[in-house]
Amino acid sequence: MTSIRARFAPSPTGHLHVGGARSALFNWLFCRRNNGAFILRIEDTDIQRNIEGADAKLREDLRWLGIDWDEGPDVGGPYASYNQSERLDLYKAAERQLLETGKAYYAFDTADELDAMRKEAIARKDNFRYPRPSNFPSDADAEKARADGRPVVVRFAVPNEPITVHDEILGDVTFGAGEVEDLVIVKSNGWPTYHFAVVVDDEQMKVTHVLRAQEHLMNTPKHVFMQRALGYATPVYAHLPLVFNIDGTKMSKRDKHKVVRTAVKEKLKSKAWTKEDAANVAQCDPAAFDRWLDKADTEMDMSQVSRLAEPAGAVIPEIDVHDFRVSGYLPEALLNFIVLIGWLPGEFREKLTREEMIAAFSIDRIGKTPGRFDRDKLLSMNTDYCAAATPARMLEAFRDWAAVSNSPLASLDDATAARAIEACKGMRTLRDIETKAGILFAPDEAVQFDPAAVKKVLDKKDGAGYAMLAKLLPVIDAQEPWTAEAVDGLIKKLCESEGVGMGDIAQPLRVAVAGKPVSPGIGETLVLLGKGKTVNRIRRCLALQA
RNA sequence: GGCCCGUUGGUGCAGAGGUAGUCACGCCGCACUUUCCAUGCGGAGACGCGGGUUCGAUUCCCGCACGGGUCACCA
């Protein structure tokens with residue numbers, strides 16, 4: 001029996017995408033379930049696209065989710081290196097083998113020439129397939145072409161025969177003869193293309209199972225043909241259903257641009273902004289902004305897009321794992337949510353710990369239908385996880401969130417943070433703690449009074465709210481002890497003596513100390529604030545009246 | 001356009017040749033209530049269409065429609 005080996009092979013172009021996280025998770029679960037080895041391999045053969053430090057981010061995102069690996073760039077392993085950029089010799093050897101056996105050949109077309117051929121094919125309503133020469137160029141021809149300044153690539157000569165690939169999820173999938181074109185396997189800069197590198201690496205790393213997104217299904221015949229040509233084993237394939245947005249479109253990083261672009265266009269249409277205004281807000285070159293507006297996502301980077309989001313009234317959707325971390329999701333909740341996209345354990349049970357997922361995982365329970373990324377469901381799941389987590393866990397998660405999101409609450413001491421968390425029970429995300437209680441830890445001058453709240457809670461009925469505050473001030477000042485229970489008790493007693501409801505007292509107080517009608521329970525709110533600041537803020541609020 | 005995959009309430013998922021179901025999210029209503037959140041209870045809501053096989057099909061077969069993926073010197 002061969003031992004199971006599977007890998008997750010991202011390219012270092014940024015943070016880990018939730019779709020990628022799902023692929024990583026499934027491979028990881030599969031390995032853990034079957035005592036296999038989980039490999040992390042960095043596919044960095046596209047030198048231009050690699051982003052500095054992206055692999056470190058990727059690893060951090062994976063670790064945050066609780067996914068670890070047995071072999072990889074940082075932990076090493078028997079088949080190092082685990083960075084494709086350090087494995088050129090291997091690809092060169094395989095390239096040589098293919099060239100010498102006449103299963104691959106040199107080609108010298110320029111990008112423009114290829115483009116013209118494709119356009120011509122489209123004009124003829126034909127599918128473009130690279131025309132294989134009847135005689136393959138020799139090494140000397142390649143040398144000469146290089147010397148002439150022509151690009152030299154190597155193409156794989158795909159056998160002209162039908163192929164059936166077996167997929168553990170989809171069953172047998174057949175492709176007709178001639179469906180697959182002679183793909184480039186070595187680029188003109190000498191680096192292998194993805195297709196070639198995966199095949200070589202999977203063989204060399206003895207990968208037995210490949211669980212990957214269904215967008216790779218069409219690549220599988222290419223890979224299998226190459227495996228045969230090289231005398232390699234073919235791993236077991238399982239193509240995971242795609243992850244869609246709730247509206248059925250494919251979830252992608254582009255969605256971030258899309259949302260902001262749509263909002264910006266609204267602004268322009270309503271003449272609220274001019275293009276110059278928008279480019280200024282984005283701190284972007286106007287010409288580049290124009291191109292961006294015309295769907296060129298690469299023309300502005302995320303920091304520029306982010307600057308536009310709020311003023312344009314757009315909320316950038318979370319796409320990367322890191323986005324969810326910054327938004328205040330618990331990794332265990334995100335993980336649980338992600339595992340449910342395309343998979344469900346046998347029983348009617350959704351909440352699963354990592355260990356339960358491992359115990360229950362099997363490929364044959366993976367569905368074929370695309371999963372939709374239902375943000376409401378995630379939110380609800382996170383709410384449940386927050387409610388179920390121990391105080392110690394919540395404190396730890398809160399600290400992590402405060403750090404990665406640059407929250408001012410990062411400076412709270414443990415005891416205070418724990419109380420703030422407790423006061424915000426029922427929160428949906430960790431960020432709710434900041435939106436709900438953050439103002440209590442800010443300087444008194446930072447309180448901004450929300451006009452609508454002032455009108456509704458304080459001004460109404462000839463300033464009854466203000467009157468109540470004035471009456472409350474000395475009582476609160478004299479209150480001892482200053483605990484949530486005691487303060488709540490005090491207010492309840494006042495309700496009776498004044499003959500009013502809780503709302504008539506709690507709401508004015510809330511607006512006075514928080515500037516808005518939202519905060520934790522009133523006793524908690526005032527105690528978290530402290531008596532001195534409570535009194536100070538009430539005075540500050542009363543000054544509004546004049 | 002070629003090729004490939006998919007189609008059970010708004011979403012995720014069960015299900016069996018005899019005319020659909022649990023759970024969860026969402027939605028609606030009610031309750032609780034000092035705000036927001038949360039919580040409790042109740043409710044509405046579906047087998048894409050057309051053929052065929054069959055006594056009978058949502059379940060099997062074919063076609064169509066719809067959705068999606070893929071057709072790079074990106075991975």
Side-chain angles (χ1 to χ4, degrees), chain A residues 9-13 43-46 48-49 84 107 109-111 114-115 118 121-122 125-129 151-155 167 169-171 173-176 179-181 183-195 197-198 213-221 239 241-242 244 246 248-250 337 340-344 346-351 367-381 383-384 386-387 424-428 432 435-436 453 457 488 491-492 495 501-511 514 516-523 525:
Chain A
S11 60
T13 53
E43 311 229 318
D44 51 0
T45 53
D46 190 345
Q48 260 112 53
R49 281 190 166 215
Q84 290 187 328
D109 315 83
T110 65
L114 285 170
D115 212 39
R118 283 197 190 95
I122 291 171
K125 293 197 172 174
D126 250 356
N127 285 304
F128 174 73
R129 249 171 237 125
V152 176
V153 302
V154 177
R155 283 181 183 267
D167 182 280
I169 295 166
L170 301 169
V173 182
T174 300
F175 301 84
E179 284 299 332
V180 185
E181 82 162 327
L183 64 148
V184 172
I185 57 173
V186 179
K187 309 180 214 177
S188 57
N189 64 9
W191 286 95
T193 58
Y194 156 76
H195 299 293
V198 225
Q214 221 177 86
E215 65 199 24
H216 285 290
L217 184 60
M218 303 303 280
N219 293 332
T220 312
H239 288 92
L242 263 11
F244 286 167
I246 202 70
T249 56
K250 194 184 159 199
F337 176 75
L340 261 17
I341 303 175
W343 179 81
L344 198 74
E347 332 86 86
F348 288 124
R349 191 167 52 115
E350 291 193 326
K351 297 272 166 53
K368 298 179 182 181
T369 55
R372 275 147 132 109
F373 198 94
D374 186 342
R375 288 165 192 277
D376 289 328
K377 175 121 181 173
L378 205 212
L379 204 49
S380 156
M381 189 158 266
T383 305
D384 292 349
C386 284
C424 294
K425 261 195 300 203
M427 75 184 86
R428 291 140 66 99
D432 287 351
T435 54
K436 196 167 179 179
V457 177
D488 273 331
I491 294 175
K492 282 204 180 96
C495 286
M502 269 302 254
D504 293 313
I505 295 182
Q507 286 302 80
L509 273 173
R510 220 184 297 272
V511 173
K516 58 189 176 182
V518 176
S519 83
I522 196 64
T525 298

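What you see is a predicted model; the values in this text were computed from it and never measured. Protein chains get the first letters and strands the later ones, always in sequence-line order, with residue 1 at the start of each.
Residue A:R49 is in base contact, counting any heavy-atom pair closer than 4.0 Å across all strands shown. Among the protein residues, A:D384 comes within range of the sugar-phosphate backbone only, with heavy atoms under 4.0 Å from sugar or phosphate atoms but none that close to a base. Within 4.0 Å (heavy atoms only), A:T174 reaches sugar-phosphate atoms of the nucleic acid but no base atom. A:H195 comes within 4.0 angstrom of a nucleotide base, judged by non-hydrogen atoms across all strands. Residue A:G503 is in sugar-phosphate contact alone, with no base atom involved, counting any heavy-atom pair closer than 4.0 Å across all strands shown. Using a 4.0 Å heavy-atom distance criterion, A:P517 is classed as a base contact. As judged by a 4.0 angstrom heavy-atom cut-off over every strand, A:D504 is placed among residues making no nucleic acid contact. In this structure, A:L242 reaches the sugar-phosphate backbone alone: every heavy-atom distance under 4.0 Å involves primed, P, OP1 or OP2 atoms, never a base. Residue contacts for A:T45: at a heavy-atom cut-off of 4.0 Å it reaches the sugar-phosphate backbone alone, with no base atom in range. Within the nucleic acid shown, A:G521 comes within 4.0 Å of at least one base atom, counting heavy atoms only. The residue A:S11 sits close only to the backbone: its heavy atoms come under 4.0 Å of sugar-phosphate atoms, none of a base. Within 4.0 Å of A:F128, counting heavy atoms only, lies no atom of the nucleic acid at all. Among the atoms of the strands shown, base atoms are found under 4.0 Å from some heavy atom of A:V153. Across all strands, A:R510 comes closer than 4.0 Å to base atoms (heavy-atom distances).
Interface remark: the A:Q214 side chain does not form any donor-acceptor pair with the B:G68 base, using a distance-only criterion of under 3.5 Å. Interface remark: the A:K436 side chain does form a donor-acceptor pair with the B:C36 base, using a distance-only criterion of under 3.5 Å. Donor-acceptor pairing under 3.5 Å, judged by distance alone, is absent between the side chain of A:T193 and the base of B:C73.
Put simply, CE on A:M218 is 15 Å from P on B:G1, counting in whole angstrom units. Rounding to whole angstrom units, NZ of residue A:K425 and P of B:C32 are separated by 21 Å. Here the P atom of nucleotide B:U70 and the CG atom of A:N127 are 16 Å apart, to the nearest Å. Spacing between atom NZ of A:K377 and atom C1' of B:G9 amounts to 15 Å, rounded to whole angstrom units. Atom C1' of nucleotide B:C25 and atom CG of A:D374 are separated by 6 Å, given to the nearest angstrom. Between A:D115 atom CG and B:A72 atom P there is a gap of 10 Å when expressed in whole angstrom units. What separates NE2 of A:H216 from C1' of B:U70 is a distance of 11 Å, to the nearest Å. Rounded to whole Å, atom P of B:C71 lies 12 Å from atom CZ of A:F175.
Looking only at distances, no side-chain donor or acceptor of A:S188 sits under 3.5 Å from a matching main-chain atom of A:V153. A side-chain donor-acceptor contact under 3.5 Å links A:T193 to the backbone of A:V184. Within the 3.5 Å criterion, the main-chain N or O of A:H239 finds a donor-acceptor partner in the side chain of A:D167. Of the possible donor and acceptor atoms, none in the side chain of A:D384 sits under 3.5 Å from a partner among the backbone N and O of A:M381.
Here the closest heavy-atom approach between residue A:I169 and residue A:G367 is recorded as CG2-O, 3.7 Å. Here the closest heavy-atom approach between residue A:R428 and residue A:T383 is recorded as CG-OG1, 3.3 Å. The minimum heavy-atom distance linking A:T435 with A:K516 is given by the pair O-NZ, 2.7 Å.
Closest approach to the A:T369 side chain among B:C13, B:A72, B:G68 is made by B:C13 (side chain taken as heavy atoms from C-beta onward). The nucleotide whose nearest atom lies closest to any side-chain atom of A:R372 is, among B:U34, B:G6, B:U11, B:U11. For A:S380, the side-chain atoms get nearest to B:C25 when compared with the rest of B:C25, B:U35, B:A38. Of all nucleotides listed (B:C37, B:U34, B:A75), B:U34 comes nearest to the side chain of A:M502. When distances are taken from the side chain of A:K187 to each of B:A75, B:C37, B:A24, the shortest belongs to B:A75. You'll find that the side chain of A:R118 is closest to B:C73, out of B:C73, B:A24, B:G10. Candidate nucleotides B:C13, B:A38, B:U34 were compared by shortest atom distance to the side chain of A:D488, and B:U34 ranks first. Across B:C36, B:G6, B:C25, the shortest atom-to-atom separation from the side chain of A:V518 is found for B:C36.
Along RNA chain B, the nucleotide nearest A:G501 and the nucleotide nearest A:L340 are compared for position; the residue whose nucleotide lies closer to the 5' end is A:L340. Closest-nucleotide positions on RNA chain B for A:P10 and A:C424 were compared, and the one nearer the 5' end corresponds to A:C424.
Figure legend. B:C73 is base-paired to no nucleotide; pairs are counted as Watson-Crick or G-U wobble with both atom distances under 3.5 Å. Under the Watson-Crick or G-U wobble criterion, with both distances below 3.5 Å, B:G17 is left unpaired in every strand shown. In a base pair of the Watson-Crick type (N1 to N3 plus N6-O4 or O6-N4) or a G-U wobble (N1-O2 and O6-N3), with each distance short of 3.5 Å, B:C66 is matched with B:G6. Shown here, B:G40 forms a base pair with B:C30; the pair counts as Watson-Crick or G-U wobble because both key distances fall under 3.5 Å. Nucleotide B:U11 forms a pair with B:A24, judged by Watson-Crick or G-U wobble geometry with both contacts under 3.5 Å.
Ring orientation note: the planes of A:F373 and A:F337 are nearly perpendicular, at an angle over 60° on the 30°/60° scale.
Using a 3.5 Å distance cut-off with no hydrogens or angles, the side chains of A:R49 and A:T13 do not pair a donor with an acceptor.
Rounded to whole Å, the C1' atom of B:C13 lies 10 Å from the corresponding atom of B:U8. For the C1' atoms, the distance from B:G15 to B:A38 is 34 Å, rounded to whole Å.
Remark: A:R375 is not in phosphate contact with B:G26, judged by side-chain N or O atoms under 4.0 Å from OP1 or OP2.
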